[in-house]
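Working notes, structure below.
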Amino acid sequence: MLDVRLLRTDLEAVEAGIARRGGDLSQVERAAELDRAQRRVSSERDELRSRIKRISEEVAGLRRDGRIDDAEVLQAESRLMGEAEKALAAESDTLAGELRELLLRIPNLPAPDCPDGSGEGDNVVLRVVGYEPDAYGGSQRVPHWEIGSELGILDLERGAKLSGSMFPLYRKAGAQLVRALCQVALDRNRDLYEEIRPPSLVRTETMVSTGHLPKFGDDAYHIERDDLWGIPTAEVPLTSMGRDEILDEADLPMRMMAYTPCFRREAGAAGKDTRGLLRVHEFDKVELLAYATPEQAEGVHAEILERAETLIEALGLAYRVLDLCCGDIGNSSARTFDIEIYAPGVDQWLEVSSVSWFSDYQARRAGVRYRPAGGKGTGVVHTLNGSGLAVPRVWAGIVETHHRPDGAIRIPDILVPYMGGQQTIT
RNA sequence: GGAGGGAUGGCAGAGCGGACGAUUGCGACGGUCUUGAAAACCGUUGACCCUCACGGGUCCGGGGGUUCGAAUCCCCCUCCCUCCGCCA
């Protein structure tokens with residue numbers, strides 16, 4: 001959620017930012033109007049309220065002095081004001097409610113250095129690592145679902161039988177590989193990131209904090225009976241860890257990581273990339289997330305990207321890093337770098353990590369604040385996050401990239417200890 | 001699922017119709033002392049909104065009510081804790 005004060009002090013900048021990402025300017029104008037109206041009514045109410053308080057004090061004094069008749073005259077006066085005050089309060093609350101509803105739907109402002117552009121095609125490729133289109137052999141040009149079923153490590157039919165399509169089921173070394181990937185991602189980040197295992201089902205409020213609600217409810221699984229939501233990413237619970245708390249600046253940046261399942265309905269993507277593991281409803285992921293001061297944010301953003309990137313490289317995968325343009329960053333994001341791996345079997349670049357800086361947009365919704373060292377007052381923290389590793393697409397990339405002509409899959413060195421010492425899947 | 005108890009400032013914890021935005025302790029900050037630190041002592045210290053400022057207002061889990069006046073009384077809701085039952 002944007003800082004309402006920006007609507008008052010620099011409405012033009014807000015409009016310019018929303019325009020850069022192709023957002024709805026009428027919402028911004030409407031919000032600015034509501035804010036003006038709300039403040040007007042609220043000042044009127046404050047004034048009345050102040051008079052009522054003063055009268056109450058007088059009444060108290062009069063009653064102490066035994067001047068009951070005089071007190072009753074004032075009481076009658078105050079009663080009338082009380083009714084007017086109640087009406088103003090109700091109006092102010094209504095306006096404030098409408099304003100908040102609107103504010104929850106207005107997206108974040110893109111960072112100044114976020115590239116211009118209106119969609120995917122305008123994203124900037126920052127670097128491409130390890131990609132040699134002519135160097136891939138025939139065995140690498142086989143889609144992972146074929147290799148997986150051949151080796152008996154991926155059973156999509158059975159997954160579909162249990163839960164429907166796009167719910168994968170891994171077997172034997174395939175299942176082990178899922179676990180190995182999560183484990184290695186956690187272990188590599190253990191030096192700085194606190195490991196958390198949060199709940200996978202959360203309250204509505206928790207989904208609102210990150211911006212997944214109210215706008216994107218269709219993308220999430222909702223358990224109606226208990227009004228709980230399946231988390232689409234660990235970003236959701238981790239961002240709310242500090243909800244309504246005030247942290248010490250000395251504790252920032254506060255770095256956390258979590259291995260969790262992620263649930264996505266993929267409602268908007270029906271029929272697209274549905275083969276194999278390209279797009280699934282449930283998957284495992286290790287997420288890195290940090291709370292930072294505004295000054296620390298840029299450095300931490302770079303740090304998360306670097307960590308995600310070096311792991312992909314260590315897994316022997318070709319990848320590229322994209323600087324997403326204003327038109328393609330997520331609703332809550334101010335700047336996002338995507339890491340895409342190249343999967344030779346399906347001949348596609350697959351997004352495996354979105355490393356985002358949300359400025360104070362999510363933290364304001366969640367009420368995660370900090371107390372600047374030595375200073376007065378509080379500030380809103382910045383949140384940053386990125387996938388340390390998202391299993392299915394990386395799994396697919398490994399299976400295709402390391403598929404040898406003899407049909408076996410070579411296990412990348414860093415995973416061997418996590419695979420019980422085995423160096424190949426045959 | 002049943003029965004009780006609770007929700008107050010960064011934290012702990014008093015207050016139970018008017019002088020309470022709230023005693024106190026801890027923490028934090030500033031100072032004295034010290035070569036430095038600790039201890040001790042003195043002082044400062046809630047958040048939020050409007051205002052250039054003066055100042056005003058809101059907030060004691062949330063919502064509603066009683067009252068001239070509510071942290072305090074009444075009603076509803078949510079959450080947390082304890083015990084019993086069930087259970088991985």
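- Atom CD in E205(A) sits roughly 11 Å away from atom C1' in rG62(B) (whole-Å rounding).
- Residue R40(A) is out of contact with every strand shown, counting any heavy-atom pair closer than 4.0 Å.
- Residue-level contact check: R203(A) touches the backbone only, with heavy atoms under 4.0 Å from sugar-phosphate atoms and none from bases.
- Using a 4.0 Å heavy-atom distance criterion, R63(A) is classed as a base contact.
- Nucleotides rA7(B) and rG43(B) have their P atoms positioned 32 Å apart, rounded to a whole Å.
- Closest to the side chain of R39(A), out of rG56(B), rU51(B), rA47(B), is rU51(B).
- Using atom C1' as the reference point in both rA71(B) and rG21(B), the two lie 10 Å apart (nearest Å).
- Remark: the separation of the P atoms in rU24(B) and rU35(B) is 35 Å, to the nearest Å.
- The shortest distance between the side-chain N/O atoms of S50(A) and the OP1/OP2 oxygens of rG57(B) is below 4.0 Å.
- Between D191(A) and R307(A), at least one side-chain nitrogen of the basic residue sits less than 4.0 Å from a carboxylate oxygen of the acidic one, meeting the salt-bridge criterion.
- Following rounding to the nearest Å, R45(A) (CZ) and rC59(B) (C1') show an atom-to-atom distance of 11 Å.
- Under the Watson-Crick or G-U wobble criterion, with both distances below 3.5 Å, rG36(B) is left unpaired in every strand shown.
- For the pair R79(A) and R5(A), both in contact range of RNA chain B, the more 5′-proximal nearest nucleotide belongs to R5(A).
- Separating the NZ atom of K53(A) from the P atom of rA19(B) is a distance of 11 Å, rounded to the nearest angstrom.
- Taking the P atom of each, rC54(B) and rG61(B) are spaced 31 Å apart, rounded to whole Å.
- rA22(B) and rA47(B) have their P atoms separated by 13 Å, with the value rounded to a whole Å.
- For the pair T378(A) and rC48(B), the criterion of a side-chain N or O lying under 4.0 Å from OP1 or OP2 is met.
- For the C1' atom pair drawn from rU72(B) and rU8(B), the interatomic distance equals 11 Å after rounding to whole Å.
- rC49(B) atom C1' lies 12 Å from atom CG of D3(A), rounded to whole Å.
- rU23(B): no Watson-Crick or G-U partner with both key distances under 3.5 Å is found in any strand.
- Nucleotides rC76(B) and rG4(B) have their P atoms positioned 14 Å apart, rounded to a whole Å.
- As the counterpart of rC68(B), rG18(B) is assigned, both hydrogen-bonding distances of the Watson-Crick or G-U wobble pattern falling under 3.5 Å.
- As rounded to whole Å, 17 Å separates atom P of rG10(B) from atom OH of Y370(A).
- Checked against the 6.0 Å centroid threshold, H301(A) and F337(A) count as a close aromatic pair.
- A 3.5 Å limit on both hydrogen-bonding distances identifies rG43(B) as the Watson-Crick or G-U partner of rC29(B).
- We find that CG of D244(A) is positioned 15 Å from C1' of rC60(B), with the value rounded to whole Å.
- The interatomic distance linking I246(A) (CD1) with rG9(B) (P) rounds to 10 Å, in whole Å.
- Comparing D93(A) and I55(A) by the nucleotide of RNA chain B whose heavy atom lies nearest to each, the residue mapping closer to the 5' end is D93(A).
- Put simply, NZ on K86(A) is 8 Å from P on rG69(B), counting in whole angstrom units.
- Between H281(A) and Y221(A), the angle of the ring planes goes over 60°, which puts this pair in the perpendicular group of the 30/60° scheme.
- Note on S78(A): only backbone sugar-phosphate atoms sit closer than 4.0 angstrom, heavy atoms only; bases stay farther off.
- Residue R371(A) places no side-chain N or O under 4.0 Å from the OP1 or OP2 atom of rU45(B).
- Counting heavy atoms from C-beta outward, H382(A) and V368(A) have side chains that stay 4.5 Å or more apart.
- The partner of rC52(B), taking Watson-Crick or G-U wobble pairs whose two distances both stay under 3.5 Å, does not exist in any strand shown.
- Using a 4.0 Å cut-off between charged side-chain N and carboxylate O, E98(A) and R30(A) make a salt bridge.
- Partner assigned to rC60(B) is none, using Watson-Crick or G-U wobble distances below 3.5 angstrom.
- Checked against the 6.0 Å centroid threshold, F263(A) and W229(A) do not count as a close aromatic pair.
- With respect to D323(A) and R335(A), a salt bridge is recorded, a charged nitrogen being found less than 4.0 Å from a carboxylate O.
- Across all strands shown, rG9(B) remains unpaired; no Watson-Crick or G-U wobble contact has both distances below 3.5 Å.
- Atom P of rG9(B) sits at a distance of 14 Å from the matching atom of rG46(B), rounded to the whole Å.
- Judged by Watson-Crick or G-U wobble contacts below 3.5 Å, the nucleotide rA3(B) has rU82(B) as its partner.
- Put simply, R54(A) has no side-chain N or O that comes within less than 4.0 Å of OP1 or OP2 on rG56(B).
- Taking 4.0 Å as the cut-off between side-chain N and carboxylate O, R369(A) and E245(A) do not count as a salt-bridged pair.
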